[in-house]
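Below is one structure; the comments refer to it alone.
Read the numbers this way: they start at 1 and go in the same order the structure lists the ligands and their atoms.
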Amino acid sequence: MTVLITGATSGIGEACARSFAAKGAHLVLVGRRAERLKELASELSSVHQVAVTTVVADLRVRSQAEGLLESAKFPEIDVLVNNAGLASGLEPFPENDPDDWDEMIDTNVKGLLWVSRPILKAMLHRLKSDPTARAHVINLGSLAGIAAYPNGAVYCATKAAVKLITDGLRLDLVKHPIRVTLIQPGMVETEFSEVRFHGDKARAKAVYNGIEPLKAQDIADLVTYAAFAPPHVQITEISVNATHQASATVVHRNL
Ligand code: NDP
Ligand code: 8X3
């Protein structure tokens with residue numbers, strides 16, 4: 001199995017890379033931070049004897065997002081994990097910085113679209129000569145895509161878009177043996193909040209005060225579960241929260 005993971009330099013994407021490698025999958029790892037990709041690739045290829053290719057790409061740039069297969073020189077992808085994404089800012093809408101909107105929409109929505117189309121075309125092409133080939137797209141949505149929460153309108157909208165794009169893909173691909181999965185986590189402790197608060201570590205840490213959040217590994221376990229399910233089993237959607245998180249706004253904190 002060969003798995004292409006976007007956003008593999010930290011958090012959920014990195015945990016997915018570790019889990020797939022431990023299960024013997026070859027990897028194409030994508031992100032902007034070249035040094036992190038290099039270190040992870042060298043570790044995983046030597047520990048697990050799997051082939052790991054890296055592509056340094058900014059998915060907000062259409063040519064880079066569309067060109068992953070050529071850059072990786074690896075046309076045969078069995079599983080695409082569309083994980084790269086971010087929230088930027090958490091303020092009432094009128095105080096939002098439109099540059100944050102661009103970054104979220106360009107990465108979470110347009111980047112995902114640009115990455116997916118050529119890879120799906122390659123999967124469809126391969127299935128013509130090998131109908132037993134694996135083909136699976138796994139998208140990272142969010143609890144934020146199920147209902148809006150205060151100060152998060154645009155991030156929530158991007159994740160709602162991911163949910164509906166995933167549903168649309170599943171409809172359009174139904175006659176092909178291509179599985180389409182959406183994973184919708186609640187709060188997961190990664191670099192997500194530090195990125196959202198533009199590097200404010202104290203504000204990021206406070207998000208997880210008094211609650212045990214999900215770990216990146218918890219999400220990687222679900223992603224690999226979906227990927228390794230028997231070929232006739234399509235996990236369509238998994239929602240997962242920390243035990244003390246009921247919704248985006250209802251969290252029990254033991255303070
Ligand atoms: P992290 O910030 O730890 O990881 C985000 C990853 O996305 C990094 O590897 C980053 O790599 C990559 N990325 C961001 N922007 C770009 C870009 N323009 N081009 C290429 N890669 C990019 O966060 P998480 O692991 O938590 O987030 C992963 C996904 O999970 C996101 O889609 C997020 O929305 C979603 N999610 C997260 C939740 C959470 O609470 N943490 C909950 C629900 C969903 P680099 O900076 O090197 O480019
Ligand atoms: C990340 C989860 O609730 O912080 O998508 O938006 S949340």
Tell me whether ligand 1 is touched by Thr107 - counting only heavy atoms on the residue side and a distance under 4.0 Å.
yes
Ligand 1 and Gly13, any nitrogen or oxygen pair closer than 3.5 angstrom?
no
Which residue, Leu140, Leu143, Asn241, forms the side-chain contact (heavy atoms from CB on, under 4.5 Å) with Pro185?
Leu140
Ignoring hydrogens, what is the shortest heavy-atom contact between Glu14 and Leu40? Give both atom names and the distance.
CG-CD2, 3.9 Å
With Asp78, which of Arg126, Arg134, His26 fulfils side chain to side chain donor-acceptor pair (under 3.5 Å)?
Arg126
Would you find a donor on one side and an acceptor on the other, under 3.5 Å apart, between the side chain of Arg196 and the backbone of Leu90?
no
Around atom 21 (N) of ligand 1, find the nearest protein heavy atom and jot down its residue, atom name and distance.
Ala84 CB, 3.7 Å
Partner set under side chain to side chain donor-acceptor pair (under 3.5 Å) for Asn83, not counting sequence neighbours:
none
How does Tyr155 reach ligand 1, by side chain, by backbone, by both or by neither, if only non-hydrogen atoms under 4.0 Å count?
side chain
Check this for me - ligand 1, Gly31, N or O atoms closer than 3.5 angstrom, yes or no?
no
Proximal candidate to atom 44 (C) of ligand 1 [heavy atom criterion; set Gly141, Ala87, Cys16]:
Gly141
For Glu191, the atoms of ligand 1 under 4.0 Å from one of its heavy atoms are 2 (O), 3 (O)
Geometry only, no angles: is Val188 polar-contacting ligand 1 at N/O separations under 3.5 Å?
yes
Set of residues satisfying side-chain contact (heavy atoms from CB on, under 4.5 Å) with respect to Arg170, sequence neighbours excluded
Thr166, Asp167, Val180, Gln234, Thr236
Does the side chain of Lys73 reach to within under 4.5 Å of the side chain of Thr53, using non-hydrogen atoms?
no
Scan for ring-ring contact (aromatic ring centres under 6.0 Å, His included) pairs involving residues 155-192, sequence neighbours excluded, and state none if there are none.
Tyr155-Phe192
Work out whether the distance between some heavy atom of Gly186 and some atom of ligand 1 is less than 4.0 Å.
yes
Side-chain donor-acceptor contact under 3.5 Å, Gln217 with Ser19:
yes
Check each of Leu140, Asn83, Val30 against atom 31 (C) of ligand 1 and report the one with the nearest heavy atom.
Asn83
Output yes when the distance from some N or O of ligand 1 to some N or O of Lys159 is under 3.5 Å, and no in every other case.
yes
What are the atoms of ligand 1, with element, lying closer than 4.0 Å to any heavy atom of Gly11?
3 (O), 25 (O)
Within the structure provided, determine whether Ile165 and Val109 are in side-chain contact (heavy-atom separation under 4.5 Å).
yes
Atom 46 (O) of ligand 1 [closest protein heavy-atom partner, distance rounded to 0.1 Å]
Arg32 NH2, 2.9 Å
Contact check, side chains of Leu120 and Leu169, non-hydrogen atoms, under 4.5 Å
yes
Before signing off on this row, confirm whether Ser142 and ligand 1 have an N or O atom pair separated by under 3.5 Å.
no
Tell me whether ligand 1 is touched by Ala8 - counting only heavy atoms on the residue side and a distance under 4.0 Å.
yes
Take every heavy atom of Glu14, measure it against each atom of ligand 1, and state whether any distance is under 4.0 Å.
no
Tell me, do Asn82 and Val137 make a side-chain contact under 4.5 Å, heavy atoms counted?
yes
Atom 8 (C) of ligand 1 sits nearest the protein heavy atom Thr9 OG1, 3.5 Å
Which of the atoms of ligand 1 are close to Met187, meaning less than 4.0 Å from one of its heavy atoms?
40 (O)
As a check for students: among Thr190, Leu214, Val162, identify the option with a heavy atom nearest to atom 23 (O) of ligand 1.
Thr190
Considering only heavy atoms, which of Gly7, Gly85, Ala57 lies nearest to atom 20 (C) of ligand 1?
Ala57
Shortest protein heavy-atom distance from atom 19 (N) of ligand 1, along with the residue and atom involved:
Leu59 N, 2.9 Å
Is there a side-chain contact between His252 and Ile211 in this structure, where contact means two heavy atoms from C-beta onward sitting under 4.5 Å apart?
no
Heavy-atom nearest pair, Pro131 first then Pro177, reads O-CG, 4.1 Å
Atoms of ligand 1 under 4.0 Å from any heavy atom of Asp58, numbered from 1 in the order shown, are 17 (C), 18 (N), 19 (N)
Could you check if a side-chain atom of Val154 sits within less than 4.5 angstrom of a side-chain atom of Asp100, using non-hydrogen atoms only?
no
Tell me, do Asn108 and Lys159 make a side-chain contact under 4.5 Å, heavy atoms counted?
yes
Does the side chain of Met187 reach to within under 4.5 Å of the side chain of Val251, using non-hydrogen atoms?
yes
Between Phe228 and Phe20, what is the ring plane arrangement, given parallel below 30°, perpendicular above 60°, and tilted in between?
tilted
Could you identify the single nearest non-hydrogen protein atom to atom 43 (C) of ligand 1 and state the distance to 0.1 Å?
Pro185 O, 3.2 Å
Any N or O of Ile12 closer than 3.5 Å to N or O of ligand 1:
yes
Enumerate, one pair per line, all nitrogen or oxygen atoms of ligand 2 lying under 3.5 Å from a protein nitrogen or oxygen, stating the separation to 0.1 Å; write 'none' if no such pair exists.
{"from": "ligand 2", "atom 1": "5 (O)", "to": "Ser142", "atom 2": "OG", "distance (Å)": "2.5"}
{"from": "ligand 2", "atom 1": "5 (O)", "to": "Tyr155", "atom 2": "OH", "distance (Å)": "2.6"}
{"from": "ligand 2", "atom 1": "6 (O)", "to": "Tyr149", "atom 2": "OH", "distance (Å)": "2.6"}

Got the closest protein heavy atom to atom 4 (O) of ligand 1, with its distance?
Ser10 OG, 3.1 Å
